[in-house]
Structures are given as C-alpha cells and as structure tokens.
Amino acid sequence: QVQLVESGGGLVQAGGSLRLTCAASGRTFSSYAMGWFRQAPGKNREFVAAISHNGGSTAYADSVKGRFTISRDNAKNTVYLQMNSLKPEDTAVYYCAGGRYSYRTYYTSDYGYWGQGTQVTVSS
C-alpha cells in the first residue's frame, strides 16, 4: 500500500521560507515521478511543481517559478519542496502526489497517490 506523508507546513510571514517534506513508502520510489499540488479555500487543486523519477527534470507553475524548488532523495524515499519569498497568495493546503509514470507531468490525473496535505499559511 502506497503511503505519502507530508510535513513542514506552518505559519510564516510574507517573504519567509518553509521546506515541505514528503516521505513515501509502499512502492519503488525511484521509478516514479513526484509532484506537489495545492488547494486554497474555494479554489480547485492546482499544480505547483513536479520532478521526474531520477530528478533529472523538473517543472513549476509560473506563479512559483524562481521561488520554489522541488528535489528528491531516492535513497531516503523523500521529496522536498523548498519555498522561498513566500506570499500571502501561497496560502493553501499543499499535497504531495505520487506519479503513475516516470516522467514529470502537470496533470492531477497522472498522479495516482496523494498525501493527506499540510497547511501553509503566509501572513501579510
């Protein structure tokens, strides 16, 4: 059974930083892409960042490009999201997602496994 457990969310002032961590278990972690998505109140879940199975390829939403960095450690079955220069509009529940394929994609339908989410709140 695949499990994804996020941690690292919290309350931070605008301009601050947080690092989210997602620990995975239950399948061969290094064979699959991983992603981060977020959902703000009253809005649809949206793509934030994704990384290919070996970390060689990454992708970001335009709204976070240059501020967020996704990375993974396949030896530790863990994916990270480093978030810098946070803005109030980054406030959302952030979800780790396990891909169905080795390559990174933007689409929620390409991710078959989801964590429980971690709240990130950025105050102005």
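For the single chain, residues carry numbers from 1 onward in sequence order.
- Screening Y106, Y107, Y101 for a ring-ring contact (aromatic ring centres under 6.0 Å, His included) with Y103, the sole residue that qualifies is Y101.
- With ring centers used as reference points, F37 lies under 6.0 Å from Y111.
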May I have the step-by-step check of side chain to side chain contact (heavy atoms under 4.5 Å, CB included) for R45 and W114, ending in yes or no?
CA-CA 12 Å; R45 190 169 299 188; W114 296 85; 3.2 Å; yes
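- Within 6.0 Å of OH in Y60 there are more than 12 heavy atoms belonging to other residues, nucleotides or ligands.
- For the pair D62 and K65, the salt-bridge criterion is met [side-chain N within less than 4.0 Å of a carboxylate O].
- Side-chain contact check for R104 and S57: at least one donor-acceptor pair (N or O, by modelled atom type) lies under 3.5 Å.
- At least one side-chain heavy atom of Q13 sits under 4.5 Å from a side-chain heavy atom of S123.
- Checking each of T118, T91, D90 against R38 for a side-chain contact (heavy atoms from CB on, under 4.5 Å) leaves exactly one that passes, namely D90.
- A donor-acceptor contact shorter than 3.5 Å links the side chain of E6 to the backbone of Q116.
- Follow the hydrophobic side-chain contacts under 4.5 Å out from L4 and you reach M83 in the same cluster.
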Decide side chain to side chain contact (heavy atoms under 4.5 Å, CB included) for L86 and F68; before the verdict, give the C-alpha distance in whole Å, the side-chain angles of both, and the deciding distance to 0.1 Å.
CA-CA 9 Å; L86 282 161; F68 290 12; 3.8 Å; yes
Report the C-alpha distance between D73 and Y80 in whole Å, list the side-chain angles of each, state the deciding distance to 0.1 Å, and finish with yes or no for side chain to side chain contact (heavy atoms under 4.5 Å, CB included).
CA-CA 8 Å; D73 184 339; Y80 306 96; 4.1 Å; yes
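- With Y113 as the aromatic partner, R27 does not meet the cation-pi criteria of under 6.0 angstrom to the ring centre and within 45 degrees of the ring axis.
- Inter-residue side-chain proximity for V79 and L81 is flagged as unmet; no heavy-atom pair is nearer than 4.5 Å.
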